[in-house]
Amino acid sequence: MSQAPFDIVVFGATSFVGQILSRYLLERYGAGGEVKWAIAGRSEAKLVTFKSGLGEAAADLPVIIADAGNEASLTEMCEQTRVVISTVGPYALYGEPLVQACVNSGTDYCDLTGEVQWIRKMIERYEEQAKKTGARIVHCCGFDSIPSDLGVYYLQQQAKAQFGEPCSTVKMRVKAAKGGLSGGTVASMINVTKEAVADPALRKELANPYSICPKDFRPARRQHNVKAAEYDEDFQAWTAPFVMGAINTRVVHRSNALQGAAYGQEFGYDEAVLTGKGLKGRAAALGVAAGLGGFLVAATIKPARWALEKFVLPKPGEGPTPKAQEEGFFDLRFVGISAKGEMIRTKVTGDRDPGYGSTGKMLGEAAICLAFDIDTPEKRPGGFWTPASLLGQKAIDRLVKNAGLRFELLENR
Ligand SMILES: NC(=O)c1ccc[n+]([C@@H]2O[C@H](COP(=O)([O-])OP(=O)(O)OC[C@H]3O[C@@H](n4cnc5c(N)ncnc54)[C@H](OP(=O)(O)O)[C@@H]3O)[C@@H](O)[C@H]2O)c1
């Protein structure tokens, strides 16, 4: 066991989502108790103000100063902890030096990135070194992609128990969700759009469903992708594209590959939003598809992007109100079909706003799971993992017990 004084350090504790996460850790685990954790960031003044706003309960919460652009400060921070959580994004702009510092020092790491092109670069550049030092890196520990990745993992465990085999096709459909966007998420979305406009190779890479799978993984299936309004027979309803599908599907395929193709070499997975039945459902699906298309087009055109950033979208540090976070929720439905034609239905639900109220809890529990439930690197080696492939059932147990998530079997036949 490492001699580091802390189990967890929250880097970016003053970010919109970092504050939610830090409040969650304080409420659930206290400060200076069984879980030894600290808050970190670039601005001492901001961290101290945030800490004093947390009240007496945070009196024993240590503060670490580290800057994403200062390697020495990041290394010093990593040496003080077993796990670093980072909410400093856009990750493609600020995230690499910290991943490098964690990998070099053998420190475990988790974050909230949904920037698939950046994840691929990090794997390419640092996986070999992470295997040597024992650092376990787990990206995508928020709404993208924990519910999808662990939702598929859960469905496949049920399928194996009921049918003796995994499902070769799984679909996730967003039945309902209520939540908002923060400035950090908007900045990340705009940044990836800007990068894609400037680079045709990146556009090709973003279209590849296996882009973050290991190079030696040989998938044997062309993936379906819901790109427009589509009727779904399995749900007897219309569907529209789901904006997070572009990252979630990639994470789920990497999970399959890292578990030795546990879902099958011919595994197919797609995501979409359910918009209802009949003409109303069709009109809603067309509306969602057009709205998403419109946003992406606007984000690629400089003046429209400027107007979006200036007048419409939240700025860095801004996001949904506490009331909106409290009132938010999500309800995701999964259907799986085995090669023999058996069908299974499951659902994953969560309380609070998916991207913030719930994401803060998911990220906190992923880090706690990494720090306390996962074997040492001798048994679970360093490398770039996914939530399902490294944390699996242990994370599901924690999320259900502590974080307002539920994983349920609805039907199998
Ligand atoms: N996967 C999901 O479900 C999900 C959900 C929510 C958010 N996210 C992602 O999480 C990230 C954070 O989002 P947010 O809305 O919380 O962002 P935010 O409020 O804009 O905060 C960004 C943070 O980065 C820090 N920062 C910037 N440059 C830094 C540097 N050089 N050194 C140290 N810290 C630096 C800022 O520090 P200061 O506080 O000192 O300014 C701030 O704390 C984004 O990438 C977003 O896309 C993902």
Side-chain angles (χ1 to χ4, degrees), residues 9-24 39-51 53 63-74 77 84-99 101 110-119 138-150 177 179-193 242-248 250-251 309 313-320 325 328 330 332 350 352-364 366 386-387 403 405:
V9 166
V10 178
F11 182 55
T14 51
S15 70
F16 188 78
V17 73
Q19 294 187 30
I20 297 170
L21 160 70
S22 302
R23 285 203 177 87
Y24 173 72
I39 53 173
R42 62 179 165 177
S43 159
E44 185 170 11
K46 254 181 127 171
L47 285 161
V48 168
T49 307
F50 171 58
K51 178 177 156 173
V63 170
I64 296 173
I65 311 307
D67 191 295
N70 178 330
E71 282 172 35
S73 71
L74 297 175
M77 176 175 77
V84 174
I85 307 179
S86 175
T87 64
V88 174
Y91 295 87
L93 298 181
Y94 309 124
E96 179 165 353
L98 177 58
V99 170
C110 54
D111 71 20
L112 285 181
T113 184
E115 295 145 89
V116 73
Q117 83 290 5
W118 180 72
I119 297 172
V138 193
H139 296 300
C140 307
C141 292
F143 182 59
D144 42 316
S145 302
I146 283 215
S148 299
D149 196 28
L150 292 179
L181 280 180
S182 71
T185 299
V186 167
S188 302
M189 286 162 81
I190 300 247
N191 184 58
V192 71
T193 317
F242 177 45
V243 66
M244 305 296 184
I247 173 69
N248 293 338
R250 278 57 176 164
V251 173
E309 284 176 312
L313 298 168
K315 316 260 172 314
E318 294 176 1
Q325 288 171 40
F330 60 88
L332 311 181
R352 310 257 177 103
D353 169 49
Y356 302 94
S358 186
T359 280
K361 296 195 285 184
M362 287 189 252
L363 180 58
T386 56
L405 266 73

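Counting convention: from 1, in listed order, for ligands and their atoms alike.
- If you take CZ on Phe16 and CD on Gln325, they are separated by 4.5 Å, rounding to the nearest 0.5 Å.
- Among residues two or more places apart in sequence or in another chain, the salt bridge (charged side-chain N to carboxylate O under 4.0 Å, His left out) test is passed with Glu96 by Arg125.
- Looking at Tyr91, its side chain does come within 3.5 Å of a backbone N or O of Leu112 through a donor-acceptor pair.
- Closer than 4.0 angstrom to ligand 1 by heavy atom are Phe11, Thr14, Ser15, Phe16, Val17, Arg42, Lys46, Asp67, Ala68, Thr87, Val88, Gly89, Pro90, Tyr91, Leu112, Gly142, Phe143, Asp144, Ser182, Gly184, Thr185, Ser188, Pro316, Gly317, Gly355, Tyr356, Thr359, sorted by chain and number.
- Ring geometry, Phe330 versus Phe143: the interplanar angle falls from 30° to 60°, so the pair is classed tilted.
- In this structure a side-chain-to-backbone donor-acceptor pair under 3.5 Å is missing from Ser145 to Cys140.
- Closest of all the heavy-atom pairs between Gly41 and Leu47 is N-CD1, 3.4 Å.
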